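I have placed the structure first, in the form of structure tokens, so that the comments after it can refer back to it.
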2 protein chains.
Amino acid sequence: MKPEETREKILVAADDLFGELGFDATTTRDIAARSGVNKALIHYHFGTKDDLLEALLDGYYARLTETLLTALGARAGRSLEEQAEDVLDAYGDFLAENRTFCCIVQREVGSGQHVERIVARTLPAFQVGVQWLGRIAPHAPEGLELIQVLTSVYGMVVTYFTHGHVLQRLTGADPFSPKALEARKRHVRRVASLLLREIQRKPASRAGRKGGS
Amino acid sequence: MKPEETREKILVAADDLFGELGFDATTTRDIAARSGVNKALIHYHFGTKDDLLEALLDGYYARLTETLLTALGARAGRSLEEQAEDVLDAYGDFLAENRTFCCIVQREVGSGQHVERIVARTLPAFQVGVQWLGRIAPHAPEGLELIQVLTSVYGMVVTYFTHGHVLQRLTGADPFSPKALEARKRHVRRVASLLLREIQRKPASRAGRKGGS
DNA sequence: ACATGGTTTGACCAAGCGCCTAAACCATTT
DNA sequence: AAATGGTTTAGGCGCTTGGTCAAACCATGT
């Protein structure tokens, strides 16, 4: 077997297990067993278990940024609102196809030994998002500050994927079936456009009132 | 020292550590050291480490449901929209005062050994929420189905608290300062009322269009 | 003074962990 | 045929883990 195959098999097994059990609860022996690869090879190819996680995340973030940039670049002639839809769509599709990804990230972003690493990688995307929103809506109304909106939209998107178990039991249906995913996409698009329209509203009558109910 | 004190000290230490390092990465020795209590006492008072987590979550969910019911019951004469605001406010306040709570939950709801336990406890709140929304808006428009809206609002609220680290680095300011929390609350209220208004809209012209952007 | 029974203690255990090492493997070059 | 150097292997090392245990502690009732 080629060394590249070995690496790939280890990464796939680690991805599955980190997503299913969490990083801490997954042992190198689990990964070796699932991938059908000798335990020592993990350390030979990736170094420590932490390094393996880093390699995994490297791959994810590389693919994600590429996906998002492609979505932003393609059909560049579209309006900003349409670009927003494209990016959100692409992001949703990416998460749908890489469901372990947001489970791993969500698990580590709030607490754990890898907070810093995850935060450092989540941050740039947020910064780009804020800048981009700033171009669309230079004067955001009170209660709809750009960081607030961005945080909300982000949370709205990822929560659907991290809460698959809850949604499954709540609706009885598979939240990741093509149909369900399409429905979710429609919803996100709708809410996003609603918010976009709202933050683009001119301050209007700058007389007595200061911010609507 | 009274046994009740011991129990409390263990719970507080476990709460801190589970929130900071995660359940798996926290050892019973850590908890013993932080609480200044003998390691064996943890097992004497709570049983296994899993049982300790369960006791911790029991306390949290009990206080949370009490908080939410109180918020819903008080000022019962108010309109449904105002009740929604009250509940969201109370929920936000609760998370602000119990920041480790949503870190622990968020860490376990997507993956891990405690998924089922967490899901079983998150589910009822979702069910109540869906029922309640159903009373407000019996005919939700396409793209704004109640479960979708509820998921989004929930995600919007908790993401702010689970992503404290990111927001800290993004804005440079403490996202949990009273001022910042107040700003977030304003935002959530605003978006929620926006969504409420939208899902209550009558199907309107039932002629050609079916639900557009 | 003594017995009681809920608490506390330090020492201890088997199991499992991440990681390492020495030797074997094998395609390629000399 | 011998040597090379990137892979693969079984086994094991030192250490930490969650959990246990018998003994000690101590306020209480007798």
Side-chain angles (χ1 to χ4, degrees), chain A residues 1-59 104 107-108 111-118, chain B residues 1-59 104 107-108 111-118:
Chain A
M1 192 195 309
K2 284 178 193 160
E4 268 310 311
E5 283 182 53
T6 309
R7 273 185 69 99
E8 189 59 25
K9 279 166 78 172
I10 294 172
L11 277 175
V12 168
D15 183 32
D16 287 348
L17 290 166
F18 289 166
E20 189 179 326
L21 309 172
F23 176 80
D24 290 321
T26 300
T27 72
T28 54
R29 284 166 179 80
D30 290 339
I31 298 171
R34 159 106 46 151
S35 60
V37 150
N38 191 280
K39 186 166 58 71
L41 276 179
I42 297 168
H43 297 99
Y44 174 76
H45 282 291
F46 293 99
T48 70
K49 192 183 162 193
D50 275 302
D51 293 335
L52 174 59
L53 175 65
E54 192 150 5
L56 193 65
L57 291 176
D58 273 339
I104 296 172
R107 217 167 192 277
E108 303 296 332
S111 57
Q113 305 100 302
H114 312 102
V115 194
E116 271 312 309
R117 212 165 293 169
I118 299 271
Chain B
M1 191 194 312
K2 285 177 192 164
E4 269 310 311
E5 284 181 54
T6 309
R7 273 184 69 97
E8 189 58 26
K9 281 166 75 173
I10 293 172
L11 277 176
V12 168
D15 183 33
D16 287 348
L17 289 165
F18 288 166
E20 189 180 326
L21 308 171
F23 176 81
D24 290 321
T26 302
T27 72
T28 54
R29 283 165 179 82
D30 289 339
I31 299 171
R34 160 107 44 150
S35 59
V37 150
N38 189 282
K39 184 168 66 73
L41 277 179
I42 298 169
H43 298 99
Y44 174 77
H45 282 290
F46 293 97
T48 69
K49 192 185 163 191
D50 276 302
D51 293 336
L52 174 59
L53 175 65
E54 192 150 6
L56 193 65
L57 290 176
D58 273 339
I104 296 172
R107 216 166 193 280
E108 303 295 332
S111 58
Q113 304 98 305
H114 312 101
V115 194
E116 271 312 308
R117 211 165 293 169
I118 299 271

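If you're wondering where the values come from, they're calculated on a predicted model, not measured in any experiment. Proteins get letters first, then strands, A, B, ... in listed order; numbering begins at 1 in each. Basis for what follows: all heavy atoms, side chains included, without hydrogens, waters or symmetry-related copies.
- Here D/dT9 presents its P atom at 10 Å from CD1 of A/Ile10, a figure rounded to the nearest Å.
- Here the C1' atom of nucleotide D/dC25 and the OH atom of B/Tyr44 are 13 Å apart, to the nearest Å.
- Rounding to whole angstrom units, CG of residue A/Leu21 and P of C/dC17 are separated by 11 Å.
- The base of D/dG11 sits with one of its N or O atoms less than 3.5 Å from a complementary donor or acceptor on the side chain of A/Lys39.
- What separates CG of B/Asp24 from C1' of D/dT16 is a distance of 15 Å, to the nearest Å.
- The side chain of A/Thr6 contributes an N or O atom lying less than 4.0 Å from OP1 or OP2 of D/dT8.
- Using modelled atom types, no side-chain atom of B/Ser35 and backbone atom of B/Ala13 make a donor-acceptor pair closer than 3.5 Å.
- When the P atom of D/dT8 is taken as reference, atom CZ of A/Arg7 falls 12 Å away, rounded to whole Å.
- Look at B/His45 and you won't find any side-chain N or O under 4.0 angstrom from OP1 or OP2 of C/dG6.
- With rounding to whole Å, A/Ile42 atom CD1 is found 12 Å from D/dT8 atom P.
- The phosphate of C/dG18 (OP1 or OP2) has a side-chain N or O of A/Thr28 nearer than 4.0 angstrom.
- Nearest to the side chain of A/His43, among D/dT7, D/dG18, C/dC19, sits C/dC19.
- Between B/Leu41 and A/Lys49, the one whose closest nucleotide on DNA chain C sits nearer the 5' end is B/Leu41.
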**Message:** Please determine whether side chain to side chain contact (heavy atoms under 4.5 Å, CB included) holds for the pair B/Val12 and B/Glu8, giving the CA-CA distance in whole Å, both sets of side-chain angles, and the decisive distance to 0.1 Å.
**Reply:** CA-CA 6 Å; B/Val12 168; B/Glu8 189 58 26; 3.9 Å; yes

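- With 3.5 Å as the limit, one finds a donor-acceptor pair spanning the side chains of B/His114 and B/Asp50.
- Set against C/dT21, D/dT17, C/dT7, the side chain of B/Thr27 has D/dT17 as its closest nucleotide.
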**Request:** Determine, stepwise, if the pair A/Asp15 / A/Ile104 fulfils side chain to side chain contact (heavy atoms under 4.5 Å, CB included).
**Result:** CA-CA 9 Å; A/Asp15 183 32; A/Ile104 296 172; 3.8 Å; yes

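- In this structure, A/Glu4 atom CD and D/dG6 atom P are separated by 15 Å, rounded to whole Å.
- Residue B/Phe46 contributes atom CZ, which lies 16 Å from atom P of D/dT20 at whole-angstrom precision.
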**Criterion side chain to side chain contact (heavy atoms under 4.5 Å, CB included) on B/Glu108 and A/Arg107, from CA distance to verdict** = CA-CA 7 Å; B/Glu108 303 295 332; A/Arg107 217 167 192 277; 3.3 Å; yes

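- Taking for each of A/Asn38 and B/Thr26 the nucleotide of DNA chain D with the nearest heavy atom, the 5'-most of the two is the partner of A/Asn38.
- Here the nucleotide nearest the side chain of A/Arg29, chosen from C/dT9, C/dC17, C/dT7, is C/dC17.
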